[in-house]
Amino acid sequence: MNQPTQEASAPWSRLWPYRAVLAVDARNFSSNTSTVMQQINADIQQVLDRSLTSIGLSGDWQRRCFPQHTGDGYVAGMDAEVLPALVGCFPEALQAGLREWRHAHPRLAPLQLRVSVHVGPLPDDGLGVPMVHTHRLLDDQALRNLLARAADPEITNTAVIISERVYEDVFESGLSTGGTVADQFAARFVRVKTFARPARLHVPGLDWGLADRSIFEVPEPPGTGDGPTGPSPTVPPGAPAKGGGVSFNQYGPGGTQGVNPTIHNNFGGGHRA
């Protein structure tokens, strides 16, 4: 009688589930009193709840993983399949939700939120490189500048940055994003600490062809040899790409990507829906 074959111990590990990571951060949070900080901290999650519910993500949001308040913000993971909604519909829904919050709290300063969206394999506790990268994107100075230079914070209350991986996954899929198109995302190369990767910036209702380019003139620290110095290249969607290719080299912990000094492309063009 044949004995069942015992499966050998696998010398490899299964990849964690791909999660869409959504993080938000309030501008000028530390300028508030402790009492107002507590109120805003609680209100941010309520605004997120209403905004995500308004675009049909109530159930997905209730099933979110590794939810956590970050003091001046909030972060959580969702199934990667909701990325078209987070990229396409969520920014305008959040913008509307923040305006409703403002009407309900006229004595407080307008609430402005920075948003970052990334995707990658993460365990149930959310600890991993994709989570770190999500927060590095959120710390990008150009993203901060978009809100800081807003002429009216009640109108411009939302600024979004998404990783290049999210941008490609969503717009190359051809899936509906609720009317948002790829040209509404401006190319930006983000450098925060050892993090250095391309990303995309978005402000609901902003025509990048009319944008003041000086908002991206972020002073760079002296070069460390990991890549070129000078302002991070940012190109409006649809701009012609310069000749040449783009290459990356791996360095540092966590496989952080750096720019090869031979780069001669400003990440122009972009995908079109």
Side-chain angles (χ1 to χ4, degrees), residues 20-29 32 36 39-64 67 69-70 72-79 81-118 134 137-138 143-162 166-167 170-171 175-186 200-208 210-211 215 237 273:
V21 187
L22 171 66
V24 300
D25 200 56
R27 177 174 179 260
N28 286 341
F29 183 80
N32 295 293
V36 174
Q39 177 180 346
I40 291 177
N41 183 278
D43 287 351
I44 285 176
Q45 185 173 337
Q46 294 179 10
V47 171
L48 291 174
D49 288 342
R50 288 194 294 268
S51 302
L52 291 163
T53 297
S54 71
I55 60 174
L57 291 182
S58 176
D60 297 274
W61 185 241
Q62 290 176 7
R63 294 188 297 271
R64 63 190 179 275
H69 278 289
T70 58
D72 55 355
Y74 194 81
V75 62
M78 303 174 70
D79 291 339
E81 64 187 28
V82 305
L83 281 173
L86 294 181
V87 170
C89 302
F90 176 64
E92 288 190 358
L94 180 60
Q95 183 183 61
L98 289 171
R99 287 174 180 168
E100 292 178 1
W101 180 91
R102 173 61 173 161
H103 292 156
H105 302 85
R107 296 184 178 181
L108 297 180
L111 180 58
Q112 295 174 287
L113 293 181
R114 303 192 313 277
V115 181
S116 66
V117 182
H118 187 35
T134 301
L137 291 169
L138 200 60
L143 182 69
R144 294 175 179 272
N145 290 352
L146 286 171
L147 293 182
R149 296 188 52 161
D152 188 339
E154 296 192 35
I155 296 176
T156 305
N157 57 29
T158 302
V160 181
I161 189 167
I162 65 175
V166 167
Y167 178 82
V170 169
F171 291 109
L175 295 171
S176 174
T177 55
T180 301
V181 298
D183 280 356
Q184 292 174 290
F185 291 78
R200 301 280 171 158
L201 291 168
H202 174 64
V203 175
L206 175 63
D207 183 343
W208 287 105
L210 301 176
I215 62 178

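Side chains included, hydrogens not; waters and symmetry mates left out as well; all remaining heavy atoms used. Residue numbers start at 1 and run along the sequence shown.
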Practice task
Could you walk me through whether L143 and L201 pass the side-chain contact (heavy atoms from CB on, under 4.5 Å) test, one step at a time?
Solution key: CA-CA 7 Å; L143 182 69; L201 291 168; 3.9 Å; yes
Quick one: list whatever passes side-chain contact (heavy atoms from CB on, under 4.5 Å) with [X], sequence neighbours left out.
X	answer
D207	L210
T156	L147, A150, V203
D43	Q39, Q46, W101, H105
A76	W61, R64, P67, Y74

Q | Pairs flagged by salt bridge (Lys or Arg N to Asp or Glu O under 4.0 Å) wherever residues 95-111 is involved - sequence neighbours left out | A |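 Every salt bridge (Lys or Arg N to Asp or Glu O under 4.0 Å) pair that includes a residue of residues 95-111, provided the two are not neighbours, is R102-E154.
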Less than 4.5 Å apart, any side-chain heavy atom of L111 and any of I40?
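SC-SC contact between L111 and I40 confirmed.
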Do V36 and L108 have side-chain heavy atoms sitting under 4.5 Å apart?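 V36 reaches L108 side chain to side chain.
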Query raised in the report: Of the options L83, V115, V82, which is the one that meets L22 in a side-chain contact (heavy atoms from CB on, under 4.5 Å)?
Result: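 Looking at L83, V115, V82, the match for L22 under the side-chain contact (heavy atoms from CB on, under 4.5 Å) is V115.
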field: Worked check of side-chain contact (heavy atoms from CB on, under 4.5 Å) between L94 and V47
entry: CA-CA 7 Å; L94 180 60; V47 171; 3.7 Å; yes
If the condition is side chain to side chain donor-acceptor pair (under 3.5 Å), which residues does [X] pass it with, not counting sequence neighbours?
X	result
N32	none
E92	none
E81	none
N41	H69

How would you list, by chain and number, every residue that makes a salt bridge (Lys or Arg N to Asp or Glu O under 4.0 Å) with R27, sequence neighbours excluded?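 For R27, no residue satisfies salt bridge (Lys or Arg N to Asp or Glu O under 4.0 Å) once neighbours in sequence are set aside.
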Under 3.5 Å, which donor-acceptor pairs link side chains of residues 53-60 to any protein atom two or more places apart or in another chain?
unit_1, atom_1, unit_2, atom_2, d
T53, OG1, D49, O, 2.7
S54, OG, S51, O, 2.6
S58, OG, Q62, NE2, 3.4
D60, OD1, R63, NH2, 3.4

